[in-house]
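A note on names: the letters A, B, ... follow the listed sequences, proteins ahead of strands, and every chain is numbered from 1.
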Amino acid sequence: MAALVAFVTAPGGRAALVGDAPDARPEGGALGTSGPEAVGPVAELARRAAELEAAGDVRWVWWSAGADAAALAGAAVPVARCWDVAEAHRLLAGGWEATPQVAWATARGLDRAGLPEATRGDLFDFDAAAPMPELSDVGLGRVVRPDGYLDPDAGTDGWHPDDDTLLAWARTALECARAQQSALAEVGPRAVAAARSESAAAFLCLELARDGLPVDRATAEQMIAEAAGARPTDEAHARRIRAERDTTVLRHTPGRETTDLRNPVQVKELLASVGVVVPNTRKWVLEPFRDTHPVVDALLEWRKAERIATTYGYPWLDAHVGPDDRLRGGWTACDGAAGRMTAQNGLHNLPTALRPAVAAHPGHLFVRADLGQIEPRVLAAVSGDEAFAAATRADDLYAPVAAALGVDRPVAKIAVLAAMYGQRSGAAGEALKDLERTYPVAMGYLDAAYAAGLRREPLRTFGGRLIRLDAVLADVPAESAAAYDAARGRFARNAVIQGSAAELFKAWAATVRATTRDLGAQIVLCLHDELLVHVPAQHAEEARARLEQALTDSARRWTGSSRVRFVADASIIHRWSEAKD
DNA sequence: GATTTCACGTA
DNA sequence: CGTACGTGAAATCC
């Protein structure tokens, strides 16, 4: 078993590293007596960490990758195993808030309501707390208060610990990680493994932010030019281009040229004047009126161009694509709801029209792979439905389902999706009833999640992530209590599937990262069920094979069996836009 | 200046 | 065929 070694940093460029050999620790013995221990400038500690990583079996512990491990990612330390206290806490307790103080309190079983407030300036300055007696022998008392809570200022921006305090901060992280492991072991058989996988994903997020997504700048400029016009030379030029774009719509409605197309109220009035009366001007509302009046089609085309001009235009390119032609944004390992990864600066919602601009750099290729029919396959795994699991053995899961129900494939597909996502009406009605009879375990699992949502009872994903129903939907406006309840039910039903799928995806990504590193491969994009890996051209085929093997292995570890089959569609491409093979 | 609404891109 | 996320422009609130 890997030895835990904490790596923590403090403002001012200091870091501490403290190891603890768990098996060597005598019963009731002191902590931190058998492993490495160092404190100093973060660059120096990162070098020491690189040596330890190269030498042996280490699992790094940090309060969070973003706060503590940036220097390791920056120095390209090939971190193989880690424990991210914040990610472990998010798994254990749900939601997104995961400061060291909250994570520590939860792991130690302290009441969340008793958390002390951070001090502010000199108004509430008080004398440093006396060390906590039972922890003072190893120095944790420097950051742990007598009442057991963490010093509320520890780890915050304005905190300037001395060396001994920073060492105590590292030892406390170790202690917190151990307490979390115990707590997660109680949650379920997969939760500790899930925390490790989430931790790896959090470090991967630093690497994604560091490396960026390879872009072909010339193509990007060309695609932007097609939608938004030439790059403006000055403000007046920019206004002129904007006006020309507006004219493509306004020329269809003489007399209304002053309409502001960016103002939905005015657009609604404009449409009403040509007989298109709509409650709002959303795309799917206007779509049926495309042929009613030419201004509708012109408006929808204008919106597409306007989107690229404003969100993905020249300012976006200049701000987020570096001189090395890499598109960079911040990444998080999980959102606050079900636990999917998030990304900023358009990395997760780049219009497909711009995908030709995402291109492998010279000498490299992309291996692109996505998980096929991931959500129904995950449903089969998490529900334990043997009949549904049997259907996953087919490349196309809907084919055996259609055969079992005695319906055409499209009907089977709609029925399965309707069951998972909530709509229980419409064309799928009859097939849904058959689905309930044929796969009662899987359908029962979904119904139970829905019912728990109605009752406001928190749920856990397959990997043990707590799905909270209080905070997430608190601000959803609802006309009636029943609508609010139903929204909660749908959310719960969706979250156990979406969240579990996210866990498998991250386990897969972490395995790919580990098993393709020696090829010089970089994961450059994670998109919920899709991976884009940038790899030296001569290793592309090998990398593709390892991606598929990684799925088999991580799915097997995650589900604990091979009853449910997961499939990846993997191809080697130059540009993200290229068709699947 | 901060927050809300509308709209729309991705899965 | 539901859920989630991030972004920008304009309106609205304070």
When rounded to the nearest 0.5 angstrom, what distance separates CZ in Arg377(A) from CZ in Arg565(A)? 6.0 Å
Between OG on residue Ser500(A) and CD1 on residue Ile467(A), distance to nearest 0.5 Å: 7.5 Å
Base, sugar-phosphate or nothing for Ile497(A)? Non-hydrogen atoms, less than 4.0 Å. nothing
Trp302(A) and side-chain contact (heavy atoms from CB on, under 4.5 Å): which partner among Leu261(A), Val295(A), Asp297(A)? Leu261(A)
Could you measure the distance from the CG atom of Asn349(A) to the CG atom of Leu354(A)? Nearest 0.5 Å is fine. 11.0 Å
Arg493(A) atom CZ is separated from dT3(C) atom P, nearest whole Å, by 10 Å
Atom CZ of Arg242(A) to atom C1' of dA10(C): distance rounded to whole Å? 11 Å
Within 45° cone of Phe462(A) ring axis and under 6.0 Å: Arg190(A) NZ or CZ: yes
Among dC5(C), dA11(C), dG2(C), which is the nearest nucleotide to the side chain of Thr342(A)? dC5(C)
Grab the CG-C1' distance between Asn345(A) and dC5(C) for me, whole Å please. 14 Å
Distance in angstrom units between Leu446(A) CG and dG2(C) C1', rounded: 12 Å
Measuring from Ile523(A):CD1 to Leu213(A):CG, what's the distance to the nearest 0.5 Å? 13.0 Å
Between C1' of dT7(C) and CD of Glu306(A), the distance in whole Å: 13 Å
Take atom CZ of Arg307(A) and atom C1' of dG8(C), then tell me their distance rounded to the nearest Å. 7 Å
Comparing nearest nucleotides in DNA chain C, the 5'-proximal residue of the pair Asp260(A), Glu375(A) is Glu375(A)
Once you measure the plane-to-plane angle for His534(A) and His364(A), does it fall in the parallel (<30°), tilted (30-60°) or perpendicular (>60°) bin? parallel
Positional range of nucleotides in DNA chain B within the contact set of chain A, heavy-atom, under 4.0 Å: dC6(B) to dA11(B)
Whole-Å distance separating the CG atom of Asp335(A) from the P atom of dG6(C): 8 Å
Interatomic distance, Leu261(A) CG vs dA10(C) P [rounded to whole Å]: 11 Å
Within the structure shown, what part of the strands sits under 4.0 Å from Arg340(A) by heavy-atom distance: base, sugar-phosphate, or nothing? base
